[in-house]
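Reviewing the structure listed below.
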Number of protein chains: 2
Amino acid sequence: MDFDLILRNVSKHITLNSRESDYFISLLEPKKAVRNEFLLHEGEVCRHSAFVTHGCLYGYTVDHKGGEHVISFAPADWWIADLYSVISGKPARMNIRAQQDSEVLLLSRTKQEELHIRVPKFERFFRIIIENSLVASQQRIIDNLSLTAEERFRDFCRRYPTLTASVPQKHIASYIGITPEFFSKMRSRMSRKR
Amino acid sequence: MDFDLILRNVSKHITLNSRESDYFISLLEPKKAVRNEFLLHEGEVCRHSAFVTHGCLYGYTVDHKGGEHVISFAPADWWIADLYSVISGKPARMNIRAQQDSEVLLLSRTKQEELHIRVPKFERFFRIIIENSLVASQQRIIDNLSLTAEERFRDFCRRYPTLTASVPQKHIASYIGITPEFFSKMRSRMSRKR
DNA sequence: GGCAACAAATAATCTAGATTAAGAAATAAA
DNA sequence: TTTATTTCTTAATCTAGATTATTTGTTGCC
């Protein structure tokens with residue numbers, strides 16, 4: 001199994017000796033998911049955070065009219081979870097699914113808490129990861145309030161060039177908060193212009 | 001000066017002995033702000049997190065068309081900062097302002113880092129605070145994508161009953177993502193119905 | 001008290017994006 | 001390779017909420 005990616009991810013923020021990194025790795029549970037497989041169904045309690053090593057996952061919610069809303073994409077080198085459920089132990093509001101055949105490393109909340117106690121540096125690591133997620137999440141709120149759909153799409157392309165090509169358009173449309181029909185219309189309008 | 005509130009806030013997540021809490025308090029810088037005073041101007045680097053002990057602050061951004069968007073309210077017992085700027089050291093995108101005459105306790109990022117080293121429990125404390133903020137922030141994204149303005153307003157009233165009465169309507173309108181004009185129209189429509 | 005500045009209400013008009021409905025392309029599956 | 005399923009496109013119509021403009025309350029403040 002390939003733990004290289006996650007160790008490099010961790011080492012961006014904290015430094016581990018080999019005993020610590022061995023211990024960390026011993027807590028991880030590798031898992032494969034085929035295309036379209038669910039890693040989490042809404043209503044289940046989410047007990048793990050997943051670090052993506054290959055492929056791409058995505059998280060989405062379903063509203064009371066049946067509309068699906070993509071909340072986050074997780075390509076390789078990203079973490080994904082229903083944090084609300086992980087923290088509170090209550091049923092998840094999110095579905096997490098594999099966009100393509102993917103591989104992840106699961107870290108259960110229980111093991112994560114052990115890790116915080118045995119190697120307190122990880123408290124710092126996760127604080128930093130979450131700080132960055134919060135900044136991104138707030139920026140997305142600002143963008144949704146102040147940019148047009150077209151501007152949000154351009155932003156998306158700039159920020160996630162890889163995803164732009166590899167995920168279905170309807171998921172991008174959903175992520176930026178518009179319908180697939182309008183997305184299509186918008187794109188043809190954009191290409192006509194230049 | 002009144003440190004009771006912040007100590008109770010901290011003790012929700014970690015336990016301090018009296019030496020630790022004295023040290024923590026020694027890092028805090030009390031500050032008063034009169035109504036409408038800015039604690040942070042967009043473009044400045046945000047070097048502190050503020051814990052509100054009295055009154056209420058709010059954070060907002062200004063888009064390229066001059067539109068203001070309220071990002072967060074911080075009544076007593078809440079933290080507020082432009083986290084992006086605090087973390088990156090880059091110019092803030094947010095303005096932070098006093099809604100009413102207010103009192104805050106400032107914790108500089110430098111002092112916070114000292115604190116993390118001397119009392120590592122605080123790493124945990126801030127991780128938890130930020131985890132909760134992230135959950136709230138993600139829920140707000142979901143709500144903006146899947147609820148109508150009226151539903152978002154009802155939600156707002158349920159979640160922040162105190163604020164509903166005490167902050168200007170245009171700020172609530174901005175927070176839930178609509179214009180003050182539409183907010184007014186919506187409210188009269190709502191009261192007509194029941 | 002009276003004037004200035006701001007906050008809220010009302011109404012007419014406009015628009016970004018939703019909805020509905022078909023068909024065309026592309027993928028998957030058999 | 002044919003069929004089935006899903007994704008994407010196009011187009012007509014519709015609507016939640018924006019914009020603009022005017023009026024009426026409020027809350028300062030000298």
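In the text below, chain A, chain B and the rest are named by the order of the sequence lines, each starting its count at 1.
Rounded to whole angstrom, the span from the CG atom of A/Asn36 across to the P atom of D/dT6 amounts to 10 Å. Note: CZ (B/Arg152) to C1' (D/dA16) measures 10 Å, nearest angstrom. When rounded to the nearest whole Å, the span between CZ of A/Arg187 and P of C/dA25 equals 16 Å. Atom pair B/Asn144:CG and D/dA16:C1' shows a separation of 15 Å (rounding to whole Å applied). Atom CZ of A/Arg189 and atom C1' of C/dG17 are 9 Å apart (whole Å). C/dG17 atom P lies 14 Å from atom CZ of A/Phe153, rounded to whole Å. Rounded to an integer number of Å, the gap from CE of B/Met186 to P of D/dA18 is 10 Å. Rounded to a whole Å, the NZ atom of A/Lys170 is 13 Å from the P atom of D/dT9.
Each of B/Lys12, B/His13, B/His116 was checked for a side-chain contact (heavy atoms from CB on, under 4.5 Å) with B/Phe125, and the lone residue meeting it is B/His13.
By the 4.0 Å N-to-carboxylate-O rule, A/Glu113 lies close enough to A/Arg109 to be salt-bridged with it.
Inspection of the B/Asn144 and A/Asn144 side chains reveals no N or O donor paired with an N or O acceptor under 3.5 Å. Side-chain N/O atoms of A/Glu114 and A/Tyr23 include a donor and acceptor closer than 3.5 Å.
Hydrophobic clustering (ILVMFWY, side-chain heavy atoms < 4.5 Å, transitive): A/Val70 and B/Ile142 are in distinct clusters.
Between B/Tyr58 and B/His171, the ring-plane angle classifies as tilted under the 30° and 60° cut-offs.
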Could you please spell out the steps behind the salt bridge (Lys or Arg N to Asp or Glu O under 4.0 Å) verdict for A/Lys90 and A/Asp82?
CA-CA 10 Å; A/Lys90 292 183 190 158; A/Asp82 183 325; over 6 Å; no
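In summary, the aromatic rings of B/Phe122 and B/Phe24 are positioned with their centroids under 6.0 Å apart. A ring-centre distance under 6.0 Å is not found for A/Tyr160 and A/Phe73. In summary, the aromatic rings of B/Phe153 and B/Phe183 are positioned with their centroids under 6.0 Å apart.
Annotation: proximity of residues 176-185 of chain A to DNA chain C (heavy atom, distance under 4.0 Å) is found for A/Gly177, A/Ile178, A/Thr179, A/Glu181, A/Phe182, A/Lys185, numbered in ascending order. Within residues 56-65 of chain B, no residue has any heavy atom closer than 4.0 Å to DNA chain D.
Terminal axes of the helix from C/dG1-D/dC30 to C/dA30-D/dT1 (five pairs each, C1' rotation axis) are separated by 50°, to the nearest 10°.
Closest heavy-atom contact between B/Ser85 and B/Cys46: OG-N, 2.8 Å.
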